[in-house]
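Okay, structure first, notes after.
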Amino acid sequence: FGNTSGASKTLTLPNSQIKFNIPMWKYTTSLRDKVDTGRGVVPNAQVSASIQDLLSEVDVQLNYCVDLISRK
């Protein structure tokens, strides 16, 4: 339904010096139908890489998208 992108403040703990960001904004989307709650966008196509693609460092998802664009 939303995210916490946008402005944030960095807080540093005094003793450990551990730093973390605290989001200052929250974006939400108004949804009428709550069918797919708790997940992101449902993709139109599933694109899977083979072992050979991974070993050859072939980006099959990127290639799929470039192919979609070139069809238009």
Side-chain angles (χ1 to χ4, degrees):
F1 300 104
N3 63 58
T4 54
S5 62
S8 64
K9 296 290 182 184
T10 301
L11 179 66
T12 304
L13 298 177
N15 294 328
S16 64
Q17 298 301 303
I18 294 174
K19 295 180 181 184
F20 57 97
N21 287 326
I22 301 172
M24 305 305 286
W25 300 350
K26 178 181 178 186
Y27 296 98
T28 56
T29 304
S30 176
L31 299 176
R32 284 185 235 139
D33 198 7
K34 307 259 194 269
V35 174
D36 290 324
T37 58
R39 62 165 291 134
V41 176
V42 179
N44 291 336
Q46 182 176 349
V47 181
S48 300
S50 68
I51 294 295
Q52 187 58 44
D53 292 329
L54 295 172
L55 293 173
S56 301
E57 297 182 356
V58 174
D59 190 338
V60 294
Q61 291 85 5
L62 176 63
N63 292 342
Y64 180 83
C65 292
V66 169
D67 186 49
L68 282 177
I69 293 169
S70 65
R71 288 187 219 168
K72 290 185 175 186

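This chain uses plain numbering: 1 for the first residue, then up along the sequence.
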Using every non-hydrogen atom in the two residues, find where Ser8 and Pro23 come nearest and quote the distance to one decimal.
CB-CA, 3.9 Å

By side chain to side chain donor-acceptor pair (under 3.5 Å), which residues pair with Asn21, not counting sequence neighbours?
Thr10

Near Leu55 CG, under 6.0 Å, is it more than 12 heavy atoms from other residues, nucleotides or ligands?
yes

hydrophobic_cluster_shared for Ile51 and Val58, side chain cutoff 4.5 Å
no

Residues joined to Leu54 in its hydrophobic cluster, side chain to side chain under 4.5 Å directly or through other members, sorted by chain and number, are none

The criterion is side-chain contact (heavy atoms from CB on, under 4.5 Å); which residues satisfy it with Val47, sequence neighbours excluded?
Val60, Gln61, Tyr64

